[in-house]
Amino acid sequence: MTESTASSRAARMPTTEQGGFPAQQQELPGATAEMDPVPDHGEESYRGSGRLQGLRALITGGDSGIGRAVAIAFAREGADVALSYLPEEQQDAEETARWVREAGRTALLCPGDLTEHATCTELVGQVVADLGGLDVLVNNAGVQYARDAGLAEMGPERIERILRTNLHALLWLTQAAVPHLGEGGSIINVSSIQAYEPSTSLLDYAATKAGINNFTVNLAAELGPQGIRVNAVAPGPIWTPLQPATQKVEKIEAFGADTPLGRAGQPAEVAPAFVYLAAPAEAGYVSGTVLGVTGGKPVF
Ligand code: NAD
Ligand code: MG
């Protein structure tokens, strides 16, 4: 191997060790600072090149995890970013906003619980007013519970919370956003490997992710004639606050080890898929697709 090959490989090297993570637990919605190790959102590695220059994006769940990495990448590509998150995640949201502003772009902070219809419609209205329009909607907010594992243990509040967060909010936000997107605009939904290879402990969550795939394809057909593209990203196991906040300790200790690449991914390794799908000059003919970022697990 030449020295330059070695150094370009080193530059891509993920920070996740092979296998899993130290035993740890949190309560939902989870906090980045309490994670060991703290995830890599591309703070030190992502280099922008103007691929989203002047676009305005709304990223739900933009405070932490995959959403934070997408916010950093979008801002470094020249986009202004609105971040939606739960009020108790203010600290995480401010940290993400700091990185967006450091990239020279506007960060709009929008706390609120998206399981309420009014929050979704008001959020889109606020973003359009404050950013002067909307070009990209990233439906990334989502929740799962994996500790009460069997169907019989899945109480009504849990099921209601998962469906309202992962599906209702996605439909409501999309309905509110579409009239503002216009030709060249796009929607990126967040699916999961769980849509293809469901875990019994995530029965309800996995069903919402399969639903998101179906929604993505169907809406792409409806909005195509308006020049609006609709796609999804399906991550595999990614090291984010959602995991210690919802998985059993034994799952954390082996998190990602069952993928072909033998490890979990970092949020920084998922963000470039969103940049690609949002970039009109690169993905202008890409709609109705689900892009897997799974460490090698199949998404078909
Ligand atoms: P995360 O906890 O960092 O992000 C999820 C975010 O969703 C939270 O930060 C929160 O702001 C938001 N959210 C949840 N409920 C909400 C509500 N009622 N109102 C407003 N916001 C709410 O975890 P993440 O893993 O980055 O999750 C992002 C997306 O990625 C989710 O849709 C998740 O299902 C999906 N996903 C994650 C993984 C993984 O392994 N981490 C794998 C596949 C898919
Ligand atoms: Mg969060």
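Order of appearance sets the numbers: ligands from 1, and atoms from 1 within every ligand.
- If you take OH on Tyr145 and OG1 on Thr246, they are separated by 9.5 Å, rounding to the nearest 0.5 Å.
- The protein heavy-atom contact nearest to atom 34 (O) of ligand 1 is Tyr205 OH, 2.5 Å.
- Considering both main-chain and side-chain atoms, Leu114 comes within under 3.5 Å of ligand 1 through a nitrogen or oxygen pair.
- A 4.5 Å side-chain heavy-atom check between Ile187 and Asn231 finds every atom pair outside the cut-off.
- Atom 39 (C) of ligand 1 has its closest protein heavy atom at Gln243 NE2, 3.1 Å.
- Which parts of ligand 1 touch Thr115 is read off a 4.0 Å heavy-atom cut-off, strictly below it: atoms 18 (N).
- The shortest non-hydrogen separation linking Asn140 to Gly61 is ND2-O, 3.2 Å.
- Ranking protein heavy atoms by distance to atom 18 (N) of ligand 1, first place goes to Asp113 OD1, 2.9 Å.
- When the heavy-atom distances from atom 13 (N) of ligand 1 to Ser64, Pro237, Gly30, Ala141 are ranked, the shortest goes to Ala141.
- Between Asp135 atom CG and Leu181 atom CG the span is 7.5 Å, to the nearest 0.5 Å.
- Between Arg161 and Glu157, no side-chain nitrogen of the basic residue sits less than 4.0 Å from a carboxylate oxygen of the acidic one, so the salt-bridge criterion is not met.
- Under a 4.0 Å criterion applied to the non-hydrogen atoms of Pro241, ligand 1 contributes the atoms 3 (O).
- The closest approach between any non-hydrogen atom of Gln144 and ligand 1 is not below 4.0 Å.
- Annotation for ligand 1: atoms under 4.0 Å from non-hydrogen atoms of Gly61 are 6 (C), 7 (O), 11 (O), 12 (C).
- Considering only non-hydrogen atoms, atom 30 (O) of ligand 1 lies nearest to Val190 out of Val190, Asn189, Val293.
- Atom 41 (N) of ligand 1 has its closest protein heavy atom at Ile238 O, 3.0 Å.
- An angle of 90° is found at the Mg ion (ligand 2) between Asp63 atom OD2 and Glu89 atom OE2, rounded to 10°.
- Remark: minimum distance from atom 31 (C) of ligand 1 to any protein heavy atom is reached at Asn140 O, 3.1 Å.
- Residue Ile238 is not grouped with residue Tyr196 when hydrophobic side chains (ILVMFWY) are merged at heavy-atom distances under 4.5 angstrom, including chains of intermediate members.
- For the atom pair CG (Leu170) and CG (Asn189), the distance works out to 4.5 Å, reported to the nearest 0.5 Å.
- In terms of polar-atom proximity, Ser191 is not counted as a contact of ligand 1, lacking any N or O under 3.5 Å from an N or O of the ligand.
- Close contacts between ligand 1 and Phe255 involve ligand atoms 40 (O) [criterion: under 4.0 Å to a heavy atom].
- The shortest heavy-atom contact between Lys251 and Ser201 is NZ-OG, 4.1 Å.
- Residues Ser191 and Val290 come closest through the heavy atom pair CB-CG1, 4.5 Å.
- Distance from atom 8 (C) of ligand 1 to its nearest protein heavy atom, with residue and atom name: Glu89 OE2, 3.3 Å.
- Considering only non-hydrogen protein atoms, atom 14 (C) of ligand 1 sits nearest to Gly142 O, 3.7 Å.
- Using a 4.0 Å cut-off between heavy atoms, Leu242 contacts ligand 1 through both its backbone and its side chain.
- Atoms of ligand 1 lying under 4.0 Å from any heavy atom of Pro235, numbered from 1 in the order shown and given with element: 42 (C), 43 (C), 44 (C).
- By the criterion of a heavy-atom distance under 4.0 Å, neither the backbone nor the side chain of Gln194 is placed next to ligand 1.
- With hydrogens and angles left out, the side-chain atoms of Glu122 and Gln126 include no donor and acceptor closer than 3.5 Å.
- Electrostatic pairing of Asp63 and Arg68 does not count as a salt bridge here, judged by no charged N lying under 4.0 Å from a carboxylate O.
- In this structure, atom 38 (C) of ligand 1 lies nearest to the protein heavy atom Gly236 O, 3.9 Å.
- The minimum heavy-atom distance between Asp40 and Ser45, with the atom names listed, is OD1-OG, 4.5 Å.
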Worksheet item: Would Glu94 and Arg98 count as a salt bridge (charged side-chain N to carboxylate O under 4.0 Å, His left out) if you check the C-alpha gap in whole Å, the side-chain angles of each, and the deciding distance to 0.1 Å?
Response: CA-CA 6 Å; Glu94 281 173 15; Arg98 193 174 66 75; over 6 Å; no
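- Counting backbone and side-chain atoms alike, Thr240 contributes no N/O/S atom closer than 2.8 Å to the Mg ion (ligand 2).
- When all heavy atoms of Leu137 and Ala177 are compared, the pair lying nearest together is CD2-CB, 3.9 Å.
- Between Trp172 and His117, the ring-plane angle classifies as perpendicular under the 30° and 60° cut-offs.
- Using a 4.0 Å cutoff on heavy atoms, Ala169 does not count as a contact of ligand 1.
- Distances shorter than 4.0 angstrom occur between a heavy atom of Lys209 and an atom of ligand 1.
- Close contacts between ligand 1 and Gly112 involve ligand atoms 19 (N), 20 (C) [criterion: under 4.0 Å to a heavy atom].
- Salt bridge Asp80/Arg56: absent, no basic N to carboxylate O contact under 4.0 Å.
- Between Asp63 and ligand 1, a contact under 3.5 Å exists for at least one N or O pair.
- Residue Trp239 places every heavy atom at 4.0 Å or more from ligand 1.
- For the ligand labelled ligand 1, residue Gly62 lies outside the 4.0 Å heavy-atom shell.
- Taking only nitrogen or oxygen atoms, main chain and side chain alike, Thr240 reaches within less than 3.5 Å of ligand 1.
- Of all atoms in ligand 1, numbered sequentially from 1 with element shown, those under 4.0 Å from a heavy atom of Tyr85 are 11 (O).
- At most 12 heavy atoms of other shown residues, nucleotides or ligands fall within 6.0 angstrom of atom CD in Gln91.
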